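The structure appears right after this line, and notes come after that.
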Amino acid sequence: MSLDVTVAVPFRQHGSTRLGEGEFVVALSLDRDWFSPDQAKRLIDLAAGRGLVERDDGEVVATFDPADVQIPEEFEPDAAVLREQSAFEQILDACVAAGVEKQAAVAGINERQSRLGVTAEAAAVLFARANDVNVDDAAAKAKRSLAE
């Protein structure tokens with residue numbers, strides 16, 4: 001989960017779960033030289049969309065404990081971290097984060113898709129809910145994409 005790790009770094013660097021948006025951007029763009037300021041702002045948007053952070057009056061607030069995230073010694077995020085994940089990818093990641101083996105999740109999703117004749121996203125939502133994994137945000141995203 002490189003998005004989780006990338007988002008945790010500025011909070012850990014400052015020893016806080018709450019940073020000004022500017023502090024967060026500077027930590028990723030100037031201090032670490034990982035992203036441009038615009039990319040760092042995009043990262044905040046993606047993290048907020050995934051429920052990792054919330055915005056509160058000009059501040060970025062972690063919705064998780066950054067101290068619980070393991071950051072590898074030589075960690076540097078891949079540019080792909082800035083790519084918005086599909087609803088399917090978000091649901092699969094949530095299932096894996098909840099302890100479901102990735103291979104088992106993919107097999108279960110494929111089985112539901114085949115048996116029910118639904119989209120991969122719909123099958124993923126059903127699989128996640130059957131495994132008590134909260135995927136409400138990704139489910140709403142999948143529903144929006146079906147309506148489009």
Side-chain angles (χ1 to χ4, degrees), residues 1-14 16-19 21 24-25 27-29 31-56 59-148:
M1 308 289 172
S2 64
L3 180 61
D4 301 9
V5 176
T6 304
V7 170
V9 168
F11 293 114
R12 297 261 301 261
Q13 178 179 328
H14 289 277
S16 177
T17 58
R18 186 178 205 87
L19 295 173
E21 187 169 329
F24 191 92
V25 169
L28 293 174
S29 60
D31 294 349
R32 298 278 175 167
D33 197 28
W34 286 346
F35 305 107
S36 71
D38 286 341
Q39 289 173 320
K41 289 176 186 174
R42 169 88 174 118
L43 186 79
I44 295 170
D45 292 339
L46 289 172
R50 294 276 308 278
L52 296 172
V53 299
E54 294 176 347
R55 288 189 164 102
D56 181 31
E59 292 188 316
V60 179
V61 183
T63 59
F64 62 99
D65 187 353
D68 290 343
V69 177
Q70 295 210 351
I71 302 171
E73 188 73 28
E74 298 296 320
F75 175 76
E76 190 166 331
D78 186 280
V81 76
L82 294 172
R83 181 181 60 84
E84 186 169 0
Q85 288 186 308
S86 69
F88 178 83
E89 291 170 319
Q90 289 177 0
I91 295 165
L92 184 58
D93 283 351
C95 289
V96 171
V100 179
E101 289 186 27
K102 188 172 187 175
Q103 187 175 3
V106 171
I109 291 166
N110 287 341
E111 183 276 327
R112 278 173 177 74
Q113 182 181 15
S114 175
R115 181 170 42 90
L116 300 173
V118 296
T119 65
E121 290 82 6
V125 170
L126 294 171
F127 178 85
R129 291 191 172 151
N131 286 279
D132 296 323
V133 178
N134 182 347
V135 292
D136 290 346
D137 291 341
K141 182 177 181 177
K143 185 177 179 180
R144 284 191 303 276
S145 72
L146 285 173
E148 293 173 354

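For clarity, every value in this text was computed on a predicted model and none was experimentally measured.
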*Determine whether the side chains of Gln90 and Asp137 contain a donor N or O and an acceptor N or O closer than 3.5 Å.*
no
Should [X] and [Y] count as side-chain neighbours, where that means a heavy-atom distance under 4.5 Å?
| X | Y | answer |
| --- | --- | --- |
| Cys95 | Asn131 | no |
| Phe11 | Val60 | yes |
| Lys41 | Glu21 | yes |

*Can a salt bridge be assigned to the pair Asp136 and Lys143 using a cut-off of 4.0 Å between side-chain N and carboxylate O?*
no
Enter the distance from [X]:[atom1] to [Y]:[atom2] here, rounded to the nearest 0.5 Å.
| X | Y | atom1 | atom2 | value |
| --- | --- | --- | --- | --- |
| Leu126 | Arg115 | CG | CZ | 9.0 Å |
| Asp78 | Leu3 | CG | CG | 12.0 Å |
| Gln39 | Leu46 | CD | CG | 11.0 Å |
| Leu28 | Ile44 | CG | CD1 | 7.5 Å |
| Ile109 | Ser114 | CD1 | OG | 13.5 Å |
| Gln13 | Phe24 | CD | CZ | 10.5 Å |

*Stepwise side chain to side chain contact (heavy atoms under 4.5 Å, CB included) test for Leu92 and Lys102*: CA-CA 7 Å; Leu92 184 58; Lys102 188 172 187 175; 3.8 Å; yes
*Evaluate whether atom CD of Glu101 has more than 12 neighbouring non-hydrogen atoms of other residues, nucleotides or ligands under 6.0 angstrom away.*
no
*Would you say Glu54 has more than 12 foreign heavy atoms packed within less than 6.0 Å of its CD?*
no
Which atom pair, heavy atoms only, marks the closest approach of [X] to [Y]?
| X | Y | value |
| --- | --- | --- |
| Phe88 | Glu121 | N-CG, 3.9 Å |
| Ala87 | Ala138 | CB-O, 3.6 Å |
| Phe64 | Asp4 | CZ-O, 4.3 Å |
| Ala48 | Arg55 | CB-NH1, 4.3 Å |
| Ala124 | Ile91 | O-CG2, 3.4 Å |
| Pro77 | Phe35 | CG-CZ, 3.7 Å |

Show every donor-acceptor pair shorter than 3.5 Å between a side-chain atom in residues 65-75 and any protein atom, with sequence neighbours excluded, or say none if there are none.
unit_1, atom_1, unit_2, atom_2, d
Asp65, OD1, Ala67, N, 3.0

*Are the side chain of Thr119 and the backbone N or O of Ala122 linked by a donor-acceptor pair below 3.5 Å?*
yes
_Thr63 side chain vs Leu52 backbone, donor-acceptor pair below 3.5 Å_ = yes
